Amino acid sequence: MIFTKHFRKYYLIYAIPLILGLAVLIAVDYFQLIIPEVTGDIIGTYRRANQDIAAGAIITEDSLLRQILPHLGKLLILLAIVAFGRFLWRLFIFGTSRKIEEDVRNEMFEHATKLSNSFYSKEKVGGLMTYFINDLGAVRMAFGPGLLMIVDGIFLGGLTLYKMFKMDVMMTVYAFIPMVALAILMFILRKSMREKFRARQESFESMSDYVQENLSGISVIKAYVKEASSALRFEYRTKDFFDKNIAFVRQRLYFQMAITIAINTVIFTLIGYGSYLVIYHTFTPEDLMVYLTYFGTLTWPVMALVRVITISSQAGASAQRIGEFFDAEIEVNDDLAVETPELCGSITASNLSFSYPDDPEILILKDISFEIKEGEMVGILGRTGSGKSTLVDLLLRVYNVELDTLYIDSHDIITIPLKQLRDTIGYVPQDNFLFSDTIKANIGFSQAEIDIEKVVDAAKLSDVYTNIIEFKEGFDTILGERGVTVSGGQKQRISIARALTKDPKVLILDDSVSAVDTKTEEAIIKNLSQVRKNKTTIFIAHRISTVRHMDKILLLDDGKLVGNGSHEELLKVSPLYQEMVRLQTLDRLEDEKGGDLDA
Ligand code: ATP
Ligand code: MG
């Protein structure tokens with residue numbers, strides 16, 4: 001049984017089916033224990049008839065049949081009740097446990113989507129999958145079979161023992177002592193079972209992480225011919241999982257052996273002592289049969305209670321792991337949010353500094369101040385690692401910033417509800433990720449109902465329309481694992497189209513045209529400057545050619561803002577900008593010369 005923080009509410013939510021299920025279960029137990037009595041009555045009737053016949057009485061088959069028929073009728077009704085009852089409690093109890101599993105899984109996924117990037121930089125996706133599958137499965141076992149076994153074990157066990165006691169006290173004491181010893185042993189071993197199970201789950205998690213990461217990076221492994229070493233490292237993990245599994249199973253096996261030995265000892269004692277009672281006329285033969293049937297019935301509750309120990313120790317370990325996952329803090333939240341009017345899209349940074357949570361000592365952005373007016377088209381330029389993507393992450397509130405450092409319009413970004421903030425911004429990430437779905441669904445990702453006209457318009461604006469219609473299935477082409485692979489440049493442009501369908505107040509493109517040629521780049525920028533009139537657009541780039549015509553360029557260097565102005569202004573005042581222009585012009589001239597020579 002699990003009563004930890006994140007799970008106990010389900011007993012209340014599903015109280016009705018659970019109570020109904022348990023009530024039916026108890027009723028079935030009660031009726032089930034009448035069956036041996038009826039069987040005993042039938043056999044007793046035959047035995048007495050035989051005795052009477054031996055004493056010279058005449059009993060016809062007809063009269064014997066008449067005596068037996070009511071018993072048979074009773075037996076039939078009992079069997080039917082038990083069968084139907086078993087179906088019903090399965091439906092209620094197991095059905096509820098599946099429902100709870102589904103609810104928790106949905107809740108886990110929702111929580112997973114809210115957790116911040118810093119959580120995912122520590123926890124690997126492959127490992128998290130085991131929470132969703134194995135651990136949740138173990139928890140379900142506690143709610144379904146676990147709950148059933150506890151109630152059944154206690155009630156059926158108690159009732160059976162009562163009936164056995166009523167028949168013969170001494171014999172029941174003989175039967176009971178080994179069973180009690182067994183239960184005590186189980187209780188003592190419980191903790192180590194739980195630890196072994198946790199170790200097994202953790203080993204499984206590590207193995208699953210490894211598979212996920214290595215299969216995602218399979219092309220790198222192949223390119224570096226690391227298949228063999230990658231497989232060898234996997235073998236260490238499977239070996240570890242095997243060892244942990246064996247340790248766990250071995251303990252379970254000891255359990256089961258102890259049970260079998262205890263039960264066999266008892267059966268032998270009962271038949272021996274029972275024979276003595278029959279010989280000395282305290283018991284009739286049918287009494288002994290009924291008693292042995294009771295004992296047979298008792299083995300299930302004992303087994304069930306033992307299984308409950310395994311199930312609950314596994315579920316306890318898993319519930320603890322899932323609980324830790326649920327307790328992982330949602331760092332980026334709406335705690336300080338206030339109702340905010342519709343945003344227009346001006347951005348102000350005021351002495352903004354930032355370091356990543358895992359590296360609080362290293363300042364990535366240093367004392368940055370700037371202003372972007374509503375409707376401006378702004379380029380952010382800077383060498384690799386200068387902090388451009390980090391700045392965008394802060395605008396999207398992927399990470400928290402300090403109060404009074406970053407504003408959208410005149411609202412501190414911390415006070416803007418997250419949904420509203422992110423709805424306002426269209427974002428094309430640097431490592432643009434596409435879902436394995438149709439191109440249409442990828443581009444129309446922001447729309448509740450895909451509006452194909454808008455999707456087509458966005459594709460035209462990002463200059464990928466002609467590529468898409470060349471695919472056999474056009475916009476219905478499926479991308480990724482299940483479909484075609486698009487080129488780096490096509491991927492970038494599909495990502496741009498995805499952001500454009502949102503028609504956001506602020507559009508941010510992080511290095512989004514790096515993989516397309518300059519002609520396509522020019523076409524995209526021209527299209528964007530037309531459709532984004534009066535709407536803020538931020539272009540992160542490495543190439544001067546991308547940003548030179550923009551209203552304003554922010555130049556970052558090693559986390560500091562070292563230039564803020566138009567191309568012409570920066571050319572006059574910024575040595576770094578002058579240097580970048582010089583180098584990039586040289587590059588271009590060399591390219592052109594190379595081109596001429598090729599021709
Ligand atoms: P590029 O042009 O290559 O995309 P960038 O200007 O976008 O570079 P950022 O991605 O903002 O650079 O990175 C700035 C610095 O922050 C780098 O030194 C990087 O190592 C560091 N950094 C980035 N992400 C994290 C993170 N999650 N945790 C810690 N440090 C990080
Ligand atoms: Mg970047």
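These numbers were taken from a predicted model, which means no experiment stands behind them. Ligands are counted one by one from 1 in listed order, and the atoms in each one are counted from 1 as well.
For R321 and Y131, the positive end sits near the middle of the six-membered ring, less than 6.0 Å away and at most 45° from its axis. Remark: R8 is not positioned above the aromatic ring of F3, lacking an NZ or CZ atom under 6.0 angstrom from the ring centre and at most 45 degrees off the axis. Geometric assessment of K460 against the ring of Y465 yields a positive cation-pi assignment under the 6.0 Å and 45° thresholds.
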message: Run N214 and S230 through side chain to side chain donor-acceptor pair (under 3.5 Å) and show every step you take.
response: CA-CA 8 Å; N214 278 265; S230 165; 3.2 Å; yes
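Among all non-hydrogen protein atoms, the one lying nearest atom 22 (N) of ligand 1 is Y356 CE1, 3.3 Å. Counting protein heavy atoms only, atom 8 (O) of ligand 1 is closest to G385 N, 2.8 Å. Scanning the protein for heavy atoms near atom 16 (O) of ligand 1, the closest one is I364 CD1, 3.3 Å.
Taking every non-hydrogen atom of Y399 and a distance limit under 4.0 Å, the qualifying atoms of ligand 1 come out as 27 (N). Near T390, meaning under 4.0 Å from one of its heavy atoms, ligand 1 places the atoms 9 (P), 11 (O), 13 (O), 14 (C).
Looking at G387 next to ligand 1, an N or O pair under 3.5 Å apart turns up. Considering backbone and side-chain atoms alike, S389 places an N or O below 3.5 Å from some N or O of ligand 1.
Side-chain contact, T4 with Q320: no donor N or O sits under 3.5 Å from an acceptor N or O.
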